Amino acid sequence: MEWNGIQKLENLLLVSVPRDLSDDEVLRLRRAVLQAVRQYDSQIVVLDFAQVDICDSFFGRFIYSTSQMVQMMGAQTIMAGLQDAVIETMVELGMVLSDVPAVLDLDDALALSRTMTQTFATDGEKPPPEDGDETTEM
Amino acid sequence: MATIAELQARIEALEQENIRLREEKERLETDSWLFRTLMTYVPDYVYFKDRDSRFIMASAAHAKSFDLSSPDEMVGKSDFDFFTEEHARPAYEDEQRVIETGEPITLEEKETRPDGSIAWVLTTKMPLLKAGEIVGTFGISKDITERKNVEEQIKVLNATLEARVNERTAELAREMTERQKAEEEHTRLQQEIINAQKLAIQELSTPIIPIVDQIIVMPLVGSIDTARARDIMRALLEGISAHRAKVAILDITGVPLVDTGVAAHLNKTIQAARLKGTHTIVTGISDAVAETIVDLGIDWSAIETLRNLQTGLIVALKRLNIRFENLL
């Protein structure tokens with residue numbers, strides 16, 4: 001399964017999530033992401049939601065399950081570029097995903113990933129469990 | 001040769017006859033006088049006509065209505081001589097019908113004289129009988145022109161009145177519509193003002209103040225309901241994007257009451273900010289608010305709360321590794 005939106009960048013995997021995904025496509029995207037993590041041995045997966053303007057509970061579960069699966073494979077997920085309307089819906093639905101770090105955009109995602117990589121280097125291969133409130137620390 | 005007795009009896013009989021005749025004559029004279037009086041002075045038009053509807057006799061009033069000095073001038077003439085064809089023809093036909101059927105009729109007739117004047121009469125026409133045979137018609141007509149004119153006038157007045165009423169009704173309806181329009185316009189203007197003020201209040205009540213690079217402060221004043229909480233969340237998310245904020249300080253010094261509802265609203269706002277990578281510090285927790293929150297059993301342990309804005313700012317700066325002297 002090939003997705004144009006998945007790009008490898010050093011130890012990063014940059015996933016540009018397309019808008020208007022069907023439930024089926026969401027599952028295929030998740031599989032593609034996991035395959036790419038294995039293939040490129042990525043340490044950090046950045047999910048870029050800049051294009052997504054609609055959110056439902058299925059989509060919320062997709063983010064959560066993907067981040068858990070990625071973590072099981074020894075990598076860390078970062079959510080980037082969530083739009084205000086999507087955030088409002090997620091909060092209303094109670095999908096706050098406090099275990100998954102979130103940043104404003106790709107710039108911040110890259111900055112955060114650098115900090116994380118440094119931490120990995122000092123602490124070993126396994127990334128530390130992320131606390132929701134500590135995500136912005138640089 | 002008759003006897004004296006017989007002759008005397010004859011004289012007696014003749015005298016009796018004479019008295020009877022004289023009495024008869026007197027009676028006839030009285031009748032004639034009464035009839036002439038009637039025909040001369042009655043204001044109505046009384047007439048007798050033969051089978052061809054020619055006048056045999058008419059009342060003086062009738063003759064006067066034709067501008068004739070004596071009813072004798074009418075004898076031998078018919079309606080066709082005094083009226084237009086328009087009236088004379090149906091009148092003639094009516095009379096012929098009376099002669100044929102022997103039934104009297106009563107009707108209102110419109111008479112048009114050759115000079116163009118119009119008169120209305122109420123007429124009764126009856127068959128004229130002589131020894132059981134119909135020899136013509138007779139009738140009596142009452143001039144009702146005045147009554148008719150009054151009726152016509154009333155009709156015209158009624159029509160005028162109705163027209164006026166309709167006109168006034170239309171005018172009133174128009175005025176009503178105009179007034180309604182004006183009212184709608186007024187309501188619309190009021191609504192516009194209300195909306196504008198609402199917007200102004202909304203902007204005023206959810207201010208975003210960028211104080212240091214990556215730090216924004218949002219002082220909250222007044223009570224927080226569901227609608228306001230949504231406005232606050234939206235404003236905060238917009239502010240984070242605009243100023244690329246890493247730390248947002250929500251100062252609730254001006255919120256008079258913090259209950260379970262307000263706490264839940266603030267929780268959602270803080271969670272939303274986190275999804276944009278922003279850490280939120282809630283400041284301005286007074287002793288009373290702290291007491292209330294704990295007494296209500298609200299769990300805010302995951303939220304960084306501080307007593308005032310100054311301490312909040314110091315914590316935020318520390319968190320971003322910004323030194324005070326670097327700012328100066």
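Proteins get letters first, then strands, A, B, ... in listed order; numbering begins at 1 in each. Only a predicted model underlies this, so the values are computations on that prediction, with no experimental measurement involved.
Ion pairing between a basic and an acidic side chain is recognised when a charged N comes within 4.0 Å of a carboxylate O; B:Lys246 and A:Asp108 show such pairing. With respect to B:Glu152 and B:Lys148, no salt bridge is recorded, no charged nitrogen being found less than 4.0 Å from a carboxylate O.
Using a 4.5 Å cut-off between heavy atoms, B:Arg230 contacts chain A through its side chain alone, with no backbone atom that close. Contact of B:Thr269 with chain A is not made at all, since no heavy-atom distance falls under 4.5 Å.
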**Message:** Run the ring pair (Phe, Tyr, Trp, His ring centres under 6.0 Å) test on A:Phe59 and A:Phe49 for me, step by step, so that the C-alpha distance in whole Å, both residues' side-chain angles and the decisive distance to 0.1 Å come before the verdict.
**Reply:** CA-CA 11 Å; A:Phe59 193 75; A:Phe49 296 102; 5.8 Å; yes
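Residues B:Thr283 and B:Thr305 have side chains not in contact (no heavy-atom distance under 4.5 Å, counting atoms from C-beta outward).
Per-residue counts of heavy-atom pairs under 4.5 Å with chain B were compared for A:Glu92, A:Glu88, A:Gln83; the largest is that of A:Glu88.
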